[in-house]
Each structure stands twice: as structure tokens, then as C-alpha cells.
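The structure appears right after this line, and notes come after that.
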Amino acid sequence: MADYLLYALAAFVCVQLFYYLFFFTRLAFYGKGANYGSAMPGVTVLVCAWNERENLTELLPLLDAQEYPEFEVILLDDRSDDGSEEFIRASIQQWKHIRYIRINDQFDHVTPKKYALTVGMKQAKYPIALMTDADCRPSSNHWITAMTSRVADDKEIVLGFSPYARRAGLLNWFIRCETFYTAVQYLSFALAGMTYMGVGRNILYKRSVFFANKGFYTHKHVFGGDDDIFLNEVSTSSNTTISIEEDSFVYSIPKTTWRDWFRQKQRHISVSRYYKPRNKFLLGMLSGTHVLAWLVGIAALAFGLVTRDILFLQYLGILFGVRWIIQWFLLIIINIKLDKTVEWFSFLLMDFALFVYYFVFGIRTFTRRRPRKSWN
């Protein structure tokens, strides 16, 4: 029994270490200033909004004040009835770069946000499209510059980082942890030439990529996926890069209740079934071995304590100790690069919290209902 537990745990830990050393080291030692170019092509910033008047009053002035030679901001207002239209029409003259498009139509064959983005892509003036959401705030007036500076002839897609704003409370801490660890994964995988997603709150790609792929045609009916399913289809091993300059960060407003966050995560996870088989396998192995390492580790700890097998407990401690040391070393370096999103001293607690998260949502994957049709 003891040998089987240790062998199983060692196997799961080895798989975890493979991800840390093969994938996550790429992000940990990635040079922020690498791949900067001098070209500054025209950029169209696309913002989709549905009943976001309060957020738009803060976001639009920040976007209009961006310091970039040639850009526009298209606000795509999808049938808002909270006074957004009145606010925009009354204020738009004071902004230099804001364009407003009111969308009054809704179609059964395409989801509202994907329709709005498609309209924006067709109406855009410039060859580069940069996306964010109404509840986001760029970290500086150089956001467009920082993201666009990564564009090159062979780099058509740029993935940015979008952390959640720091607030008090357990929910906010966990949202920041989950967002940070998800970013570690998709940014690291992109650097390894295996891009599987980005976040719609901060993503850039050439419009030619969008139209060459016929936009969201293959998944136009799926709620969500305008960032991850789309990237699964269009990204290659060489056409995608990342931007982790501090100026490129876009902060988001987090959910404030567990119920709202849970619904949001269900919707996000529901689209993962459309990923490429390779992506599903790699992500499944990462989260699966995370869960199994903890489950076997807890069982082994209980067994060792009951049998009072000191040598067994020492082996158990070595296996988890090696995993945690390598994990902490890499995550601390990455955390510094990503604006210290998570308190470094809470990484062990984060590791356990992510185990619970993966375990719960793994079960929900097999019992889920149709995701709620919502923008948020």
C-alpha cells in the first residue's frame, strides 16, 4: 500500500514538474523588452458594452487619452437601456478618438457580443484591432503602444495580461489567484508555440487574421469563446506573441459575490470543449495531476500518520517539498513580472485552493447545465 501511494504520487508530481520546467520557465525568464519594433500601425480599439453606463464614464476618457500616433476607439453599444446611449451622444464631442455605433439588431444564429465585434471589425478604420471590455481600465496612457509594439510581420496576435483589481476579502484573493495562474498557463503555452486562449479584456490581432478565418463563423452560436475558441482556430506555433510590459496591463473589476463569480466561471469553462484535442489533453493533464497529487498526498499523509511510518512520511515530504520549491521559485519570478498579482506568501494556500477549484469544476463538467446567456 505504501509503495503504491508513493509511486502514484511520484508520477503525478513528475508530470507537474514537467509543466513547470518545460512551459512555465519560458514565462519566468522571458525578457520584457524583447521583440520590440519601431513600426506603429494604426489601431482600432473595440469595446463592446451592454448596460455599462457607469463603467463607460470612467473607461472612455482613459481610452481617449491614450498616447499613440494614430488610433480610434469604437464603442459598440448592444441595445443598452440604462442611459448609455444618451450619455455617449451627449459627451462624444469632447473626445477626439471615440466613435459610437448603436446596435439594435439581434439574431438567433449569432450571439450578441460576437455580432457586435463583427460589426466593429467591419467598421474599423485601421489594420490592427485591440479589444477590451467596459469594466476594464488600462494601467497607463501607453497601453496601445505597449501592445502594438509586439506586432511584426510574423506576429499577428498579441496576448496581454488583465489582472483583477485588488479588494478585501477571500473571494477577491481567490479571483486574483485563479486569474494569475490561468495567465501563467496561457502566456507560457503561447511562448511554447501552443497558444490555446487569451482574454478578451486585453487582446490584439490583425484584422486580416479575423477575416481570413471568417470571423467567429464556426462558433457564432456559442456564448463566449470570442477570445479562446477563436485563438484555438487561428493561432499557430509562430504567429502569436505576448506582452507583459507594465504599461500593457489592463485591470478588470472583479465579481463581488461567489454566485456571480461561479456563473462567470461556468460560462468560461463551458467553451473549453471546443478546444483542439491537443489543448484539451495538455490542460486536462495539468489540472488533473494537480488534483490527483493532492488527493493521493492527503491519503498518503493519513496512511503515514496512522501507521506511524516515519520513513514513509519523509519520502512524502520530499516529493511535495520538491514540487513546492520549484513551484514557488518560478511563480515568485512570474508574479513580479505580472505586477505582484498575488501575495507570494500565500502560494501554498493558493495551490490548495486551486486543487479544490479544479476538483469542484471537474465534477461540474459532468453535471453542468447549459450556460447562462449573459454578457458577463
Side-chain angles (χ1 to χ4, degrees), residues 22-46 66-73 117 120-121 124-132 136 138-140 142-163 182-216 225-250 275-276 278-279 282 334 337-338:
F22 182 78
F23 288 104
F24 298 171
T25 52
R26 298 169 188 269
L27 181 59
F29 301 109
Y30 182 69
K32 286 186 176 183
N35 301 327
Y36 259 51
S38 58
M40 302 186 78
V43 175
T44 294
V45 179
L46 297 178
Q66 287 290 303
E67 298 178 16
Y68 192 79
E70 195 171 12
F71 77 99
E72 63 175 348
V73 179
L117 281 173
M121 287 288 182
K125 185 188 302 183
Y126 298 114
I128 304 295
L130 176 58
M131 275 66 68
T132 191
C136 297
S139 62
S140 77
H142 302 287
W143 169 54
I144 298 177
T145 302
M147 289 293 289
T148 308
S149 63
R150 297 289 180 169
V151 176
D153 291 339
D154 61 333
K155 301 300 180 185
E156 303 176 306
I157 302 169
V158 181
L159 310 183
F161 177 51
S162 183
T182 298
V184 170
Q185 294 175 55
Y186 74 76
L187 293 173
S188 297
F189 275 60
L191 291 175
M194 300 180 186
T195 302
Y196 70 93
M197 68 162 280
V199 290
R201 305 187 301 273
N202 192 12
I203 190 170
L204 175 152
Y205 46 81
K206 295 179 180 180
R207 288 172 60 229
S208 58
V209 173
F210 180 83
F211 291 115
N213 191 64
K214 297 183 179 179
F216 307 121
D226 50 278
D227 41 18
D228 45 2
I229 301 178
F230 179 75
L231 283 182
N232 251 250
E233 294 180 342
V234 304
S235 63
T236 68
S237 61
S238 60
N239 72 348
T240 304
T241 188
I242 69 172
S243 179
I244 54 173
E245 301 295 321
E246 292 180 5
D247 284 340
S248 72
F249 297 164
V250 172
Y275 287 4
K276 294 176 181 176
R278 180 189 68 178
N279 299 138
L282 289 172
I334 296 172
K337 292 177 181 287
L338 300 184

#### Entry: Worked verdict on T148 versus M40 for side chain to side chain contact (heavy atoms under 4.5 Å, CB included)
CA-CA 7 Å; T148 308; M40 302 186 78; 5.8 Å; no
Check whether any side-chain N or O of [X] sits under 3.5 Å from a backbone N or O of [Y] as a donor-acceptor pair, and report yes or no.
X	Y	answer
K155	S238	yes
T132	R201	yes
S162	V199	no
R207	Y126	yes
D247	M147	no
Q66	S140	yes
K337	F29	no

### Task
Apply the test side chain to side chain contact (heavy atoms under 4.5 Å, CB included) to residues F230 and N213: give CA-CA distance (whole Å), side-chain angles for both, the deciding distance (0.1 Å), then the verdict.
CA-CA 9 Å; F230 179 75; N213 191 64; 3.7 Å; yes
Closest non-hydrogen atom pair, [X] against [Y]:
X	Y	result
F24	I334	O-CD1, 3.7 Å
T240	S235	OG1-CB, 3.6 Å
A129	M121	CB-CE, 3.6 Å
P127	G42	CD-O, 3.5 Å
S139	S248	OG-N, 4.3 Å

### Query
Between Y275 and R278, is there a cation-pi geometry (under 6.0 Å to ring centre, at most 45° from the normal)?
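Ring-cation test returns no.
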Does the side chain of [X] reach to within under 4.5 Å of the side chain of [Y], using non-hydrogen atoms?
X	Y	result
L46	L130	no
V151	E156	no
M131	L204	no
I203	V158	no
L282	M194	yes

To the nearest 0.5 Å, what is the distance between [atom1] ([X]) and [atom2] ([Y])?
X	Y	atom1	atom2	result
F249	W143	CZ	CH2	14.0 Å
F161	L27	CZ	CG	9.5 Å
E72	K125	CD	NZ	5.0 Å
L159	N202	CG	CG	9.0 Å
L187	I242	CG	CD1	5.0 Å
F211	K214	CZ	NZ	13.5 Å

#### Entry: Whether F210 and F216 hold their rings parallel, tilted or perpendicular, with breakpoints at 30° and 60°
perpendicular
### Set of residues satisfying side chain to side chain contact (heavy atoms under 4.5 Å, CB included) with respect to D227, sequence neighbours excluded
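Testing D227 for side chain to side chain contact (heavy atoms under 4.5 Å, CB included), a comparison that skips the adjacent residues, returns none.
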### Query
What pairs of residues pass the side chain to side chain donor-acceptor pair (under 3.5 Å) test when at least one of them lies in residues 183-199, not counting sequence neighbours?
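Matches after skipping sequence neighbours: Q185-Y358.
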### Query
Can you tell me if CG on D153 sees more than 12 non-hydrogen neighbours from other groups inside 6.0 Å?
no
### Query
Is it true that E245 and R150 have a side-chain N and a carboxylate O under 4.0 angstrom from each other?
yes
### M197 vs T182, side chain to side chain contact (heavy atoms under 4.5 Å, CB included): CA-CA, chis, key distance, verdict
CA-CA 10 Å; M197 68 162 280; T182 298; 4.3 Å; yes
### Task
Just do the side chain to side chain contact (heavy atoms under 4.5 Å, CB included) check on N279 and N232 with the steps written out, would you?
CA-CA 8 Å; N279 299 138; N232 251 250; 2.8 Å; yes
